[in-house]
Every structure is written in C-alpha cells, then in structure tokens.
Amino acid sequence: SQVQSFTVILLYMYCESLSIAHLLLKDGQFPITQNVTVVEGGTANMTCRVDYNDNTSLQWSNPAQQTLFFGDKKALRDHRIELVRATSQELTITIGDVSLSDEGLYTCSLFTMPVKTTKAFLTVLGVPARPEITGFTKPAMERDIITLTCSTSGSKPAANIRWFRNDKEVHGRKEVNATGKSFTVRSSLQFQVDRRDDGAAYTCSVEHVSLSNPYMTTEVLEVHYAPQLQIEPSLIIPQEGQYFKLECVSIGNPIPEPVLWSKDGGELPDIERMIVEGRELTITTLNKTDNGTYRCEASNHLGTSSAEYVLFVYDPNAVAPHGPDHALIGGVVAVVVFITLCLIIVLGRYLARHKGTYLTHEAKGAEDAPDADTAIINAEGNHVHAEEKKEYFI
Ligand SMILES: *[C@@H]1O[C@H](CO)[C@@H](O)[C@H](O)[C@H]1NC(C)=O
Ligand SMILES: *[C@@H]1O[C@H](CO)[C@@H](O)[C@H](O)[C@H]1NC(C)=O
Ligand SMILES: *[C@@H]1O[C@H](CO)[C@@H](O)[C@H](O)[C@H]1NC(C)=O
C-alpha cells in the first residue's frame, strides 16, 4: 500500500506539472509584432512571433482584412507579397514596392481558442519630388516685384522647404495642400529686385524624413539696371609733362557700351597726346592746356549715366622742386607741435593733481562756512575747480 500511495503521489505530481506546463504555455502563447515604417517604393518586413507555441497556426491580414498568408500558404494574389519564414514561432512576410495605399493596420492572428490577435501599423513615407522654382523670367528689371515659388509634391508627411539667398537663409511664405494621401508644399518669396540681386543665387532646399540629404534647386537671378559710372584718375596730383590716364568705371546690366568721352561739353581736342581706348582716356604728356572738365557717358536700354572729372594740371615747378624740403619742414613742424601738445598734457595733469589737494581744503572750508550762502559759494567754487580738473584730464 505504501508503493501504491507513492505511485498515486507520483502520478498526481506528474499531472500537476503537466497542467503547470500547460498554463505556462497558455500564458506565453500570444503573437507579438512591431510597427513598421518604410519609404514608398521600398520593402516592408512584417514579422509576427509567438515565443511559446504548440504548432497553432499564424496568419497575416491587411488593413482591408484580407488574409495575406495563413502559415506558409499564400492567400492573396499579389506578387509584391512574399513569404520569408513560416515556423510555429514566427510568420514573416515582405511587401515589396510599397505604395502609400499600403499604409494601415496589419493584423497577426494566432488561431488558439479564442483567436488572439495583435496589430502592427505600417507607415509609408512619401518621398518628395525634386523641387522646382517658378515665377522668375530672365531678366528682371530693377525695382520689379517678383515672386519666387518653390514647390514639391508627393511628400508624406509634408516636407519642409527652406530658402537661401547666397547661402544665407531667408524666410518664405509656406502653403501645404493635401493631394490624395500625400502633400504638395509650396514656399513663396516676394521681393523687389535691385542691382545687388543681379547674379544672386536663390536656393530652395527640401528636407524630409525620407531623404538623407535635402533636395536643392537654385535659381540665379539676372537683373537689368541702368548704368552707374565713375571716373578714376591714375594720378592724384597731375603735373605738366606726366603720363595720365582716366578710367571710366562702369557697372550696369547689360554692360553699358561704348563709353563716350567729352571735354568741357564739347568733343575731345584732336591731338595726338590724347588716346581713347574703350573706357580709358590716356594723355601721354600732360599740358596745362588740358585743364578742364572731362566727362564720360554710357547707356544701356534702361538709361544713360555720366560721370565727370575736373582736371587741373599743376605746374611741376610749383610742386616738384621744393617738394622734399616742404615735406621736411612739414615733418619738423608736426614733431614740434606733437611735443608741445605732450608737454601741455603733462603739465595739465600735474596742475590738476595739485588743484585736487587744494579742492579738499576748499571743501573743508565749505563745511566750516558761517552761513548757507558762503557754503554754496564755496561749493560752487569747488564745482568750477572740479570741472577744470576734468578738462585737464581730457
Ligand atoms: C503603432 O502605431 C500606431 C498607429 O500609429 C500607434 O497608435 C501605436 O501606439 C504604435 N505602437 C507602438 C508599439 O509603437
Ligand atoms: C603745352 O602746349 C603748348 C601749345 O600746345 C606748347 O607750346 C608747350 O610746349 C606744351 N608744354 C609742354 C610742357 O609740353
Ligand atoms: C590750367 O592750369 C594752370 C596751372 O597749371 C592754371 O594756372 C590755369 O589757370 C588753368 N587754366 C584753366 C583754364 O583752368
């Protein structure tokens, strides 16, 4: 009977352990999945696992509740959907060439009694199209108001657009429109163009989670503007007998050409010493008869502009021979003035310090004053000295 009871106990323990195992199995027998994010056109990997399974079947179904795979059996005719692995612990499938319409909740079911399910959300990112800049017709005229618009379609979520003018960020006005499941994003820059915009590069940059590097498009502006002229002489103090050149520096778009030279409101004197070559006027040997007002003029289709230069030919005898002596005298005078100034400053500071001690005595005097008026007078005197002191320090 001892043996019998021992057997019963053993049997009981065996049964108990079985049911514990069964409970454990039941507890761990549930499907697990993860949300998936994939870029449009890419491949989504959908995995469903069951850590403790007893050969119960697994199934994947799409957001429309259509079964895709039941175990290793393909249920939906869609060549983009393929089986990767079907074991009792895992059912993995891939969806290739994913489109935005594939987005949604996918269900993995484990056919226990009752059926256990888990859901995975498939997020599909819409890749933005390369941006396009519109609204600029070359060339613009100075002071025109233009609107540059950069647009990109097909992004999901909506892409971000940034503008740069010669690499420096500028801010545009953004507009987002939904087209189907994706977005069309536009950003507009409106401004009045001026000559500094001629050749300026406006870059539109599209940033998006699906792009490792932003997409960029650049528009280089061309702005037409009236000429702007300036005469640059080759010498500051032109002297008789020297070689001298005037250059008519011109900017403008289109480049103003040709440059016309005139003297004192008339034609240039017809002398061999004077040569005009494009925007340069050369006088090979200056003569005092060359004195006068020189003018250069140029135009483009936006206007005409001119610049003037008054030539004064110095007599070399008045400037050159004693030139160095003058410079020397000038230098000596400057040094003397400098030293004198230094002396004054030093003296001034010394006096000021001296007055400073004097002041305290006076202030004491003010305290000791017999009546308020004297005190004020003393105080005023004090104030005057304080100002003097200040002046010395300047
Ligand atoms: C999965 O995605 C859905 C929908 O976007 C969300 O509600 C849920 O919290 C996500 N689950 C996890 C585990 O991230
Ligand atoms: C300047 O011109 C005058 C007349 O044209 C001429 O007599 C004179 O010699 C010239 N002076 C110099 C320095 O060339
Ligand atoms: C020309 O320059 C000389 C100095 O070289 C001056 O004496 C003379 O007055 C000037 N003439 C004119 C017309 O400006």
Side-chain angles (χ1 to χ4, degrees), residues 28-51 58-66 68 81 89-95 98-110 115-127 155-159 176 178 180-183 208-210 233-246 261-264 266-276 281-294 309-323:
Q29 198 175 11
F30 48 78
I32 306 162
T33 57
Q34 274 179 333
N35 283 349
V36 175
T37 298
V38 66
V39 171
E40 189 180 12
T43 300
N45 221 320
M46 314 290 294
T47 296
C48 183
R49 317 185 124 273
V50 185
D51 286 341
L58 281 167
Q59 167 191 293
W60 268 116
S61 53
N62 68 13
Q65 309 297 338
Q66 294 167 304
L68 303 177
I81 301 169
Q89 281 171 7
E90 182 185 334
L91 179 59
T92 299
I93 62 169
T94 53
I95 307 169
V98 168
S99 70
L100 296 183
S101 57
D102 289 322
E103 183 169 283
L105 266 183
Y106 285 70
T107 309
C108 174
S109 308
L110 177 66
V115 175
K116 288 177 190 163
T117 63
T118 184
K119 293 184 187 284
F121 196 87
L122 174 64
T123 305
V124 182
L125 302 175
V127 184
S155 60
K156 188 179 105 39
V176 179
K181 285 183 174 255
S182 66
F183 299 92
H208 194 257
V209 276
S210 66
S234 64
L235 297 168
I236 306 297
I237 303 173
Q239 294 165 33
E240 199 160 34
Q242 279 181 327
Y243 174 92
F244 185 65
K245 199 155 79 177
L246 288 177
W261 287 98
S262 59
K263 186 192 175 201
D264 299 325
E267 283 192 5
L268 286 180
D270 184 20
I271 44 177
E272 277 183 9
R273 292 184 294 110
M274 233 173 244
I275 303 156
V276 171
L281 167 65
T282 306
I283 303 174
T284 53
T285 326
L286 278 176
N287 190 306
K288 61 179 130 201
T289 56
D290 298 334
N291 278 7
T293 302
Y294 289 80
Y309 174 81
V310 178
L311 175 62
F312 185 93
V313 180
Y314 288 86
D315 182 351
N317 298 318
V319 187
H322 302 295

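Count residues from 1 along the sequence. The model shown is predicted, which means the values in this text are computed figures rather than measured ones. When a ligand or atom number is given, it counts from 1 through the structure's own listing order.
- Between the side chain of Lys116 and the backbone N or O of Gln29 there is at least one donor-acceptor pair closer than 3.5 Å.
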What are the distances between nitrogen or oxygen atoms of ligand 2 and protein nitrogen or oxygen atoms, counting only those under 3.5 Å?
from	atom 1	to	atom 2	distance (Å)
ligand 2	2 (O)	Asn287	OD1	3.3
ligand 2	2 (O)	Asn287	ND2	2.1
ligand 2	11 (N)	Asn287	ND2	2.9

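- Between the side chains of Lys245 and Thr282, no donor N or O sits under 3.5 Å from an acceptor N or O.
- Checking side-chain atoms of Asp264 against main-chain N and O of Thr293 turns up a donor-acceptor pair under 3.5 Å.
- Counting heavy atoms from C-beta outward, Lys156 and Glu103 have side chains that approach closer than 4.5 Å.
- Around CZ of Arg273, the count of heavy atoms belonging to other residues, nucleotides or ligands within 6.0 Å exceeds 12.
- Summarising the local packing, CD of Gln34 is surrounded by 12 or fewer heavy atoms from other residues, nucleotides or ligands at distances under 6.0 Å.
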